[in-house]
2 protein chains.
Amino acid sequence: MTTQKQKEQIAGWLRTCNLSITDTRVKILELFLKSNGALEHGDFEKLAGKSFDRVTVYRTLQTFLDKGLIHKIPTTDTSVRYAICKSDCKEHEHHDHHVHFKCDACGTTTCLDDTSVPSIALPRGYAMNNVEVVVSGVCKDCK
Amino acid sequence: MTTQKQKEQIAGWLRTCNLSITDTRVKILELFLKSNGALEHGDFEKLAGKSFDRVTVYRTLQTFLDKGLIHKIPTTDTSVRYAICKSDCKEHEHHDHHVHFKCDACGTTTCLDDTSVPSIALPRGYAMNNVEVVVSGVCKDCK
DNA sequence: AAATAATTTGCAACATTGTTGCAATAAAGT
DNA sequence: ACTTTATTGCAACAATGTTGCAAATTATTT
């Protein structure tokens, strides 16, 4: 399912981040490539044929976050959704420049990479750091 | 701390929603009025002098959500934040028309009632239902 | 290629958070 | 004040997230 090209891409990402290339990390990144959407913690334990240890998943995701390899997407429930950063995110300096879309029908969350977040004028006294936009509705596949 | 006027406002809200006026509900709504920001579940167990039963808080918040009295605010962690709906929200038909601001310094989330969410052009095939905008940065009190 | 050093993983035990059924309690309508 | 209806709190449970430490894997050195 995973092409040789993808495997090399994944290995490259890990090397760039100074992370050892381990089975767990590779498999988790493969899941991201396959899913083409945002994943939440539980997905990793289920999606993988051989399910990972819960602790390992938590730690791996945290590592990827620290390295700026993935980013979190805001949700209105207790789940935490993660997606791969396609843009130029540096460590601890992640900024989403795109809009996230959550489909009310199929429940998936995707990154609309080509839809950039609009600028927002804040009231006097507020300093802006980052803007998160989550649009909900019906995605193109569920229409 | 709570004025007579506020008490009447709270009772009015509950009556409008066809909800019995109980101590728990009144106290929780008072906390919303006092806090002037978004609250998460744990706050209610702590903030109240007499702490509520966890189950009661969950059920009360769910009731308020169902009636459109409060709304959820997206977060990137496992917490769920709630704020009072000041605008005209009907049951199960909530739409935020304003931007939410999360302060990286003090951690509080507030509703910027006067800052409306910008319109966003989605890619072809997507149907929009609701837009959530959360801006993070430094609020006017922490500057 | 083997040995060592450094990192990563999995287990166990625990802490926290969210859920359900049911009996006790409190609110609303008469 | 009494009855009906709705709400609350308890207990037990389920799910989710965390920590320390030993075993296993990866990278590095020889």
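In what follows, chains carry the letters A, B, and so on, assigned in the order in which the sequence lines appear, proteins first and then strands, with residues in each chain numbered from 1.
- Atom NZ in A/Lys7 sits 11.5 Å away from atom CG in A/Leu29 (nearest 0.5 Å).
- Partners of B/Gln9 under the side-chain hydrogen bond (donor to acceptor under 3.5 Å, both in side chains) rule, at least two apart in sequence or in another chain, do not exist in this structure.
- In this entry the distance linking CG of A/Asp53 with P of C/dA13 reads 14 Å, nearest Å.
- B/Asp77 is linked by a side-chain hydrogen bond (donor to acceptor under 3.5 Å, both in side chains) to B/Thr75, B/Ser79, counting only residues two or more places apart in sequence or in another chain.
- The ring pair (Phe, Tyr, Trp, His ring centres under 6.0 Å) pairs that include a residue from residues 4-24 of chain B number zero, where partners must be two or more places apart or lie in different chains.
- The residue among A/Thr78 and A/Thr63 whose nearest nucleotide of DNA chain C is located toward the 5' end is A/Thr63.
- Residues satisfying the side-chain hydrogen bond (donor to acceptor under 3.5 Å, both in side chains) test with B/Thr63, not counting sequence neighbours, are none.
- Rounded to whole Å, atom P of D/dT7 lies 13 Å from atom CD of B/Gln62.
- Comparing B/Asn18 and A/His41 by the nucleotide of DNA chain D whose heavy atom lies nearest to each, the residue mapping closer to the 5' end is B/Asn18.
- Between the CZ atom of A/Phe52 and the P atom of C/dC11 there is a distance of 13 Å, given to the nearest Å.
- As a whole-Å value, the separation of B/Asp77 CG from D/dT16 C1' is 14 Å.
- Sorted by first then second residue, the ring pair (Phe, Tyr, Trp, His ring centres under 6.0 Å) pairs that include residues 109-130 of chain B, not counting sequence neighbours, are A/Phe101-B/Tyr126.
- Within the helix from C/dA1-D/dT30 to C/dT30-D/dA1, the inter-axis angle between the opening and closing five-pair segments is 40°, rounded to 10°.
- Screening residues 98-126 of chain A for salt bridge (charged side-chain N to carboxylate O under 4.0 Å, His left out), with sequence neighbours left out, gives A/Lys86-A/Asp113.
- A straight line from NZ of B/Lys27 to P of C/dA26 spans 12 Å, rounded to a whole angstrom.
- B/Tyr58 and B/His41 have parallel rings, their planes meeting at less than 30° on a 0 to 90° scale where 60° marks the start of perpendicular.
- If you measure from atom CD1 of B/Ile28 to atom C1' of D/dT8, you get 12 Å, rounded to the nearest angstrom.
- Atom CZ of B/Phe64 is separated from atom P of D/dT7 by 10 Å (rounded to the nearest Å).
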- Can you give one letter per nucleotide of nucleotides 18-30 of chain D, 5' to 3': B if a protein heavy atom sits under 4.0 Å from the base, S if only from the sugar-phosphate, - if neither? BBB-----SS---

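- With sequence neighbours excluded, the residues forming a side-chain hydrogen bond (donor to acceptor under 3.5 Å, both in side chains) with B/Arg81 are B/Glu40, B/Thr109, listed by chain and number.
- The nearest whole Å value for the distance from the CZ atom in A/Arg25 to the P atom in C/dG10 is 12 Å.
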